[in-house]
Amino acid sequence: MSLVLFNDLTRKKEEFIPIKPGQVSFYSCGPTVYDYFHIGNARPFIVFDVLRRWLEHEGYNVKFVQNFTDIDDKMIHRAHKENITVQELAERFINEYNKDADSLGIKRPDVAPRATEHIQEIINTISRIIANGHAYESNGDVYFDVKSWPKYGTLCKQNLEDLESGARVEPGEKKRDPLDFALWKAEKPGEPSWESPWGKGRPGWHIECSAMSSKYLGENIDIHSGGVDLMFPHHENEAAQSEAASNSGKPFVNYWLHNGFLLIDSEKMSKSLGNFMTARAALEKYNPLALRFFMLSAHYRSPINFTPESLEQAESGVMRLRNCLSDLDFAAENRVNDSSNFDVKEFDAKLKDFHAKFADSMNDDFNTAAAIGILFDVVHLINTSLKENETLPSEFFKLAKKYLLEYDNILGIIGDVESDSESDEINALIQERTQARKAKNFARSDEIRDLLKSRGIILEDTPQGTKWKREI
RNA sequence: GGCGGUAUAGCCAAGCGGUAAGGCAGAGGACUGCAAAUCCUUUAUCCCCAGUUCGAUUCUGGGUGCCGCCUCCA
């Protein structure tokens with residue numbers, strides 16, 4: 001089965017056919033770096049990270065671009081409030097973004113362009129739109145002329161009249177039509193500004209993505225992703241700008257992908273409701289693997305509800321996956337026997353069958369929830385094999401681990417179970433406990449177990465001895 | 001008002017024409033000094049009402065509930 005994606009342009013699942021065979025140009029809307037990003041922002045970062053990894057796994061050469069919006073109203077307000085420059089604010093929160101994204105196991109983009117480093121490209125793009133007759137200058141502002149662009153509204157499936165009725169004009173704007181949106185904003189006192197053919201000013205919000213995506217990916221790109229709320233106006237405007245600038249008749253984007261909203265306790269997250277949570281705060285409370293598991297346990301287009309219960313469930317699920325891997329490692333040290341009569345061929349055949357199902361799920365509009373289901377089937381198969389066979393051939397361990405790691409390389413929800421620097425001390429305590437158990441000194445034995453438990457180390461007694469693992 | 005999404009067990013969540021994956025939690029059992037992990041067993045008239053069909057959770061129509069977008073929020 002080949003990859004099928006739900007394209008918001010057509011509202012249908014479509015077979016994914018890249019512009020250049022074997023290559024994917026992928027632009028994902030990044031954060032506005034005025035604050036820590038929140039747990040709702042984390043969803044697109046995580047799910048599209050997984051899509052990117054899946055494409056790479058399938059052999060595509062993916063060029064993944066995710067921007068930093070480092071100049072806009074929010075940036076200006078926040079910098080003013082903190083009494084620092086917009087640039088200082090951006091530096092700080094780009095850094096914080098990278099910290100949190102790294103913690104969440106999100107691969108860095110191939111290119112992470114910043115709006116303020118592409119002012120010239122933005123100005124060029126605007127100039128082309130004006131030259132092509134789809135934008136106009138008005139007292140130092142430049143606006144996109146929506147009425148001149150018949151395709152406007154095709155992404156969000158709205159007609160101009162309906163959009164018009166919902167449009168509002170901010171005081172001080174100099175638009176010809178309420179639907180027109182700013183490409184360039186004339187300088188205001190105390191705000192950062194750049195020289196342009198229309199006087200000093202700064203870019204509007206949408207134009208940076210048009211300018212930067214075409215610079216790094218070309219005028220016609222394969223995939224563009226973001227949250228559903230960006231569909232209108234952001235992506236609608238981006239498409240209009242990009243296509244009006246290139247004037248090539250080619251679509252800006254072939255596949256538009258939008259993730260569903262993350263709710264907190266069934267409500268939209270907002271500061272006024274008091275249910276706002278940064279990714280940083282979530283990471284202090286929950287394991288990153290559990291956060292990823294949670295994000296990937298539902299289809300990316302469905303809304304998901306962030307609750308303490310759902311995160312606890314995710315943590316339990318992650319533990320089950322990790323237990324399998326650590327049981328496997330432990331058994332690999334104690335129970336290898338190449339003359340075991342375990343049927344490796346049959347095992348391999350089953351794993352291959354699961355592998356095909358996993359791939360089918362991922363290829364079916366990137367159905368990570370179903371794929372995780374298959375992963376649990378694999379885990380169950382491995383657990384049962386470990387249970388039913390006292391010894392197993394080394395080929396069994398090789399295969400089991402190969403598949404688990406392959407899946408985790410895409411999903412990133414199992415993580416590393418290797419022992420660490422503390423292990424010498426832990427092993428010494430375990431040895432002491434083993435002696436105590438031999439002497440039927442269960443009081444001491446349980447004391448050691450509780451001591452380690454309090455440090456997040458779980459002991460498990462097996463016929464091959466005591467194994468330990470970390471809580472997540 | 002316009003556009004759109006969604007409704008599956010106690011909870012989370014796939015499936016979407018041939019009578020329901022998986023996970024979490026619970027119950028019983030095996031194993032264990034006790035645990036933990038794991039294994040076995042167990043838990044669903046798929047929101048309601050019509051219709052299409054040999055057959056619908058799955059398609060169509062109509063309800064109802066919840067949610068999102070409609071100018072700078074992923």
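Heavy atoms only: backbone and side chains are in, while hydrogens, waters and symmetry mates are out. So you know, we letter chains A, B, ... as the sequences are listed, proteins then strands, and number each from 1. Bear in mind the structure is a predicted one, so any value in this text is a computation, not a measurement.
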- [ ] State whether the distance check finds a donor on one side and an acceptor on the other, under 3.5 Å, for side chain A:Ser445 versus base B:rG33.
- [x] yes
Open item on the list: Can you tell me which nucleotide in B:rA35, B:rA14, B:rC39 comes closest to the side chain of A:His299?
Closed with: B:rA14
Task: Carboxylate-amine/guanidinium proximity below 4.0 Å for A:Asp141 and A:Lys175 - done: no
Task: Complement of B:rG61, any strand, by Watson-Crick or G-U distances under 3.5 angstrom - done: B:rC49
- [ ] With heavy atoms under 4.0 Å as the rule, sort A:His234 into base, sugar-phosphate or nothing.
- [x] nothing
Task: Ionic contact status for A:Lys469 with A:Glu460, cut-off 4.0 Å - done: yes
Open item on the list: Quiz question: going by heavy-atom distance under 3.5 Å, is there a donor-acceptor pair between the base of B:rC34 and the side chain of A:Asp461?
Closed with: yes
Task: Touch class at under 4.0 angstrom, heavy-atom based, for A:His206 against every strand present - done: nothing
TODO: For A:Lys157, answer base if it contacts any base atom (sugar-phosphate contacts may also be present), sugar-phosphate if it contacts only those atoms, and nothing otherwise; contact means non-hydrogen atoms under 4.0 Å.
DONE: sugar-phosphate
Task: Nearest-nucleotide 5' precedence on RNA chain B, A:Thr462 against A:Asn305 - done: A:Asn305
Open item on the list: Let's see if you can work this out: which of B:rG23, B:rC12, B:rC24 has an atom nearest to the side-chain heavy atoms of A:Ser316?
Closed with: B:rC24
TODO: Measure distances between side-chain N and O atoms of A:Asn367 and base N and O atoms of B:rG15, and say whether any donor-acceptor pair falls under 3.5 Å.
DONE: no
Task: Separation of B:rG22 C1' from A:Asp377 CG (nearest whole Å) - done: 6 Å
- [ ] Report yes or no: is there a donor-acceptor pair, N or O only, under 3.5 Å between the side chain of A:Arg449 and the base of B:rA36?
- [x] no
TODO: Rounded to the nearest angstrom, tell me the gap between atom NE2 in A:His38 and atom C1' in B:rC73.
DONE: 7 Å
- [ ] Please check if the distance between the ring centroids of A:Phe181 and A:His206 is under 6.0 Å.
- [x] yes
- [ ] Figure out the CZ/P separation between A:Phe306 and B:rA74, and round it to whole Å.
- [x] 17 Å
Open item on the list: Between B:rA27 and B:rA14, how far apart are the two P atoms, rounded to whole Å?
Closed with: 27 Å
Open item on the list: By the 4.0 Å heavy-atom rule, please label A:Arg444 as base, sugar-phosphate, or nothing.
Closed with: nothing
Open item on the list: Under 4.0 Å, counting only non-hydrogen atoms across every strand here, what does A:Gly226 touch: a base, just sugar-phosphate, or nothing?
Closed with: sugar-phosphate
Open item on the list: Any base atoms under 4.0 Å from A:Asn323, or only sugar-phosphate, or nothing? Heavy atoms, all strands.
Closed with: sugar-phosphate
- [ ] Go through B:rA13, B:rG68, B:rC24 for me and flag the one nearest to the A:Val228 side chain.
- [x] B:rG68
TODO: Give a yes or no on whether the ring-centroid distance for A:Phe293 and A:Tyr286 is below 6.0 angstrom.
DONE: no
Open item on the list: Looking at the base of B:rG33, is there any donor atom on it, or on the side chain of A:Arg437, that sits under 3.5 Å from an acceptor on the other one?
Closed with: yes
TODO: Output yes if the stacking criterion (under 5.5 Å between centres, under 30° between planes) is met for A:Phe376 over the base of B:rG22, else no.
DONE: no
Open item on the list: With a 6.0 Å cut-off on the ring centroids, do A:Phe252 and A:His224 count as close?
Closed with: yes
Open item on the list: At 4.0 Å (heavy atoms only), tell me whether A:Asn383 reaches a base, stays on the sugar-phosphate, or touches nothing.
Closed with: sugar-phosphate
